[in-house]
Amino acid sequence: MTKEKNNKPSKELPLGFVDRQEKELLVRDFIISNIKEIMIKYGFQYLETPSFEYSDSIGKFLPDKDRPDEGVFSFKDENKWMSLRYDLTAPLARYVAKNYLEIPKPFKRYQLGTVWRNEKPGPGRFREFLQFDADFVGTKSLQADAELCVMISEILEKCGLTKSEYVIKISSRKITEELFKKININENQQKLTTLRALDKIDRLGWSGVKELLGAGRKDKSGDYTKGANLKSKDIKVIEETLKKKSPDTEDLVEIFKIFKNYNFNNFEFDPSVIRGLEYYTGAIFEVNLKFDVTNNRGQVIQFGSIGGGGRYDNLVNNFGNFDAPATGISIGLDRLVYALMQKKEFKVKQSKPVVICVFDKNSMKEYINVQLILRKAGISTEIYPGESKLKKQMEYANKIKSPAVILYGEDEIKSGKPTLRNLRNGKEQSIKINELANEIKKII
RNA sequence: GCAGCAGUAGCUCAGUUGGUUAGAGCACUAGUUUGUGGAACUAGGGGUCGGUGGUUCGAAUCCACCCUGCUGUACCA
């Protein structure tokens, strides 16, 4: 690299975007195959919608209407603004509205797709990530809400999490609505500030939340956050509400009954679960991990939830007049991958190819013959992709973690018995071509 | 966005109060071994010290601004 490097394209990635390597992708594939299997079992339809939508299809449901395009990546196509989707729920609402007459009602669909958020990234948190969504549209039945939780739990356990490693926290927007009535808050901004404060109880504890409900709070770095300015007697009422051990709203009482019928008990009633969204109208879920997650320096980090959801009875109605009450749940797959990879006992099998070394270009036909036989037997096999000294070829095989190499030089070709070298223990044996596949299977 | 900390080789870092040609380990390349990887030894390549401007006889080191990263915080459909 010389002076010219200034003229060369940057090898840096845009903020919040990452290359994902095989190890991670295989874990992701493992999770996806579990999801698909369970979705079929639960009877959801598979759907894909495009990455881009017209901005007004997703933008006009933003909670803060005063800054409609903040947080999304957008560009102007001809004269219309389009944006990369920021979740899979808004596109679902658009899809349901567009296809309302054709789709079954209720409509159950699941979707796997990349979403983009123009926000500051954090550990295990990117500006481009894969999300899984499952929703019921067109039913008010609480059976749907309950089943979503049971289903998520089945997915997590299928992926290797034990009951003690995760919990689904549940609350209802109805609880906070009643609370607001009780303490007489009507102003929307104050409601939002209050909800956001409550949402932080995990991290800040009640004392921090109390500060945010009152005048405000100074964080570790010295930054100051303005509070909701509630009266201390109202804060007292909120504190009492948060202490409740069991729900007194009808929806949650019903949902918990259904859980019992499913024998599902890995949930927790938690009135501090808020999920910040304005569009939720009933039950709210949040999927939390119960073990520490660390960054690549080994420090424990604030990881937050790996997914959540809830009931949103009015969202589809934003596109017109539809009878489409809905409930859904989503998981951030990359966050689940990140967390899963931290579990020591978690392993995903990677099959690496057996490498056939190249001694002499004129013997290519012989190498190909061995390759065809092994591939036919279902063994991942490659002829060394290059022209190097044997030492280089061995180093290559070692580097890609190949289980074995096949040495098929002049002498071996003459006798029809290639040498199989086990790269884990260095042992070599000379084997007839037609017995090669079976021998290799013993090694793998 | 706000705040704190930090940017020296591909990676992890050292670099003394400003002083010649900027160092180490790992990785990489070549060789010791022209049919044998993971060990050892030898040699080698690789840096406008994040960028720009300033102070100075002299800056990786001091100052200003900018960029990037980490952590917290805000926002998070």
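To find a chain, count down the sequence lines: A is the first, B the second, and so on, and within it residues start at 1.
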Asker: Between Thr419(A) and Glu412(A), is there a side-chain donor-acceptor contact under 3.5 Å, judged purely by atom types and distance?
Answerer: yes
Asker: Taking U52(B) as the reference, what is the distance to C57(B) when you measure between their P atoms (whole Å, please)?
Answerer: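 Each nucleotide's P atom is 23 Å from the other's.
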Asker: Scan residues 418-429 of chain A for pairs that pass salt bridge (Lys or Arg N to Asp or Glu O under 4.0 Å), counting only residues two or more places apart or in two chains.
Answerer: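 Passing the test, one end in residues 418-429 of chain A: Arg421(A)-Glu428(A).
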Asker: Whole angstroms only, please: what is the CG-P distance between Leu195(A) and C75(B)?
Answerer: 11 Å
Asker: Which helical stems does RNA chain B take part in, if a stem means at least 3 consecutive Watson-Crick or G-U pairs with both distances below 3.5 Å?
Answerer: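 Stem segments, range with range: B:1-7 with B:67-73, B:10-13 with B:23-26, B:28-32 with B:40-44, B:50-54 with B:62-66.
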Asker: Tell me if the aromatic rings of Phe44(A) and Phe136(A) count as close, with their centers under 6.0 Å from one another.
Answerer: yes
Asker: In whole Å, I'd like the distance from the CG atom of Leu192(A) to the C1' atom of C75(B).
Answerer: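 Interatomic distance, CG of Leu192(A) to C1' of C75(B): 11 Å.
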Asker: Can you tell whether the side chains of Arg28(A) and Asp334(A) come within less than 4.0 Å, N to carboxylate O?
Answerer: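 A salt bridge links Arg28(A) with Asp334(A).
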Asker: Tell me whether Arg85(A) contacts the main-chain N or O of Glu53(A) through its side chain, where contact means a donor paired with an acceptor under 3.5 Å.
Answerer: no
Asker: Using whole Å, report how far OH of Tyr86(A) lies from C1' of C75(B).
Answerer: 14 Å
Asker: Looking at Thr139(A), Asp145(A), Thr281(A), which one forms a side chain to side chain donor-acceptor pair (under 3.5 Å) with Thr327(A)?
Answerer: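 By the side chain to side chain donor-acceptor pair (under 3.5 Å) criterion, Thr327(A) pairs with just one of Thr139(A), Asp145(A), Thr281(A): Asp145(A).
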Asker: Along nucleotides 28-38 of chain B, 5' to 3', which nucleotides get a B, which get an S, and which get a -, given that the test is a protein heavy-atom distance under 4.0 Å?
Answerer: --SSB--BBBB
Asker: Scan residues 377-393 of chain A for pairs that pass salt bridge (Lys or Arg N to Asp or Glu O under 4.0 Å), counting only residues two or more places apart or in two chains.
Answerer: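 Those involving residues 377-393 of chain A are Lys361(A)-Glu387(A), Lys392(A)-Glu395(A).
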Asker: Which ring pair (Phe, Tyr, Trp, His ring centres under 6.0 Å) pairs, counting each pair once, include a residue from residues 393-412 of chain A, with sequence neighbours left out?
Answerer: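 For residues 393-412 of chain A, and leaving out neighbouring residues, the ring pair (Phe, Tyr, Trp, His ring centres under 6.0 Å) pairs sorted by first residue read Tyr384(A)-Tyr396(A).
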Asker: Rounding to the closest angstrom, what is the interatomic distance between G23(B) and G15(B) at atom P?
Answerer: 15 Å
Asker: Can you check the Lys218(A) NZ to U73(B) C1' distance for me, whole Å?
Answerer: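 Roughly 13 Å, once rounded to whole Å.
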Asker: Could you check how far CG of Asn118(A) sits from P of A74(B), rounded to whole Å?
Answerer: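 Rounded to the whole Å, the gap is 20 Å.
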Asker: Between U36(B) and G25(B), how far apart are the two C1' atoms, rounded to whole Å?
Answerer: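 These two C1' atoms come out 28 Å apart once rounded.
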Asker: Please measure how far the C1' atom in U20(B) lies from the corresponding atom in U34(B), and state the result in whole Å.
Answerer: 45 Å
Asker: Table please: side-chain donor-acceptor pairs of residues 436-443 of chain A below 3.5 Å, with sequence neighbours left out.
Answerer:
unit_1: Glu439(A); atom_1: OE2; unit_2: Lys442(A); atom_2: NZ; d: 3.0
unit_1: Lys441(A); atom_1: NZ; unit_2: Ala377(A); atom_2: O; d: 3.4

Asker: With a non-hydrogen cut-off below 4.0 angstrom, is Lys200(A) in contact with a base, only sugar-phosphate, or nothing?
Answerer: sugar-phosphate
Asker: Could you work out the separation of C66(B) and G1(B) based on their P atoms and round it to a whole Å?
Answerer: 12 Å
Asker: Looking only at atom C1', what distance separates U56(B) and A64(B), rounded to whole Å?
Answerer: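 Straight-line distance between the two C1' atoms is 16 Å.
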Asker: Could you check how far CD1 of Ile274(A) sits from C1' of C75(B), rounded to whole Å?
Answerer: 16 Å
Asker: Please give the distance between the P atoms of A6(B) and C62(B) as a whole number of Å.
Answerer: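 The answer is 11 Å between these two P atoms.
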Asker: I'd like the P distance from C63(B) over to A43(B), given in whole Å.
Answerer: 41 Å
Asker: Are Thr114(A) and Glu128(A) close enough that a side-chain donor and a side-chain acceptor fall under 3.5 Å?
Answerer: no
Asker: In whole Å, I'd like the distance from the CZ atom of Arg117(A) to the C1' atom of A74(B).
Answerer: 16 Å
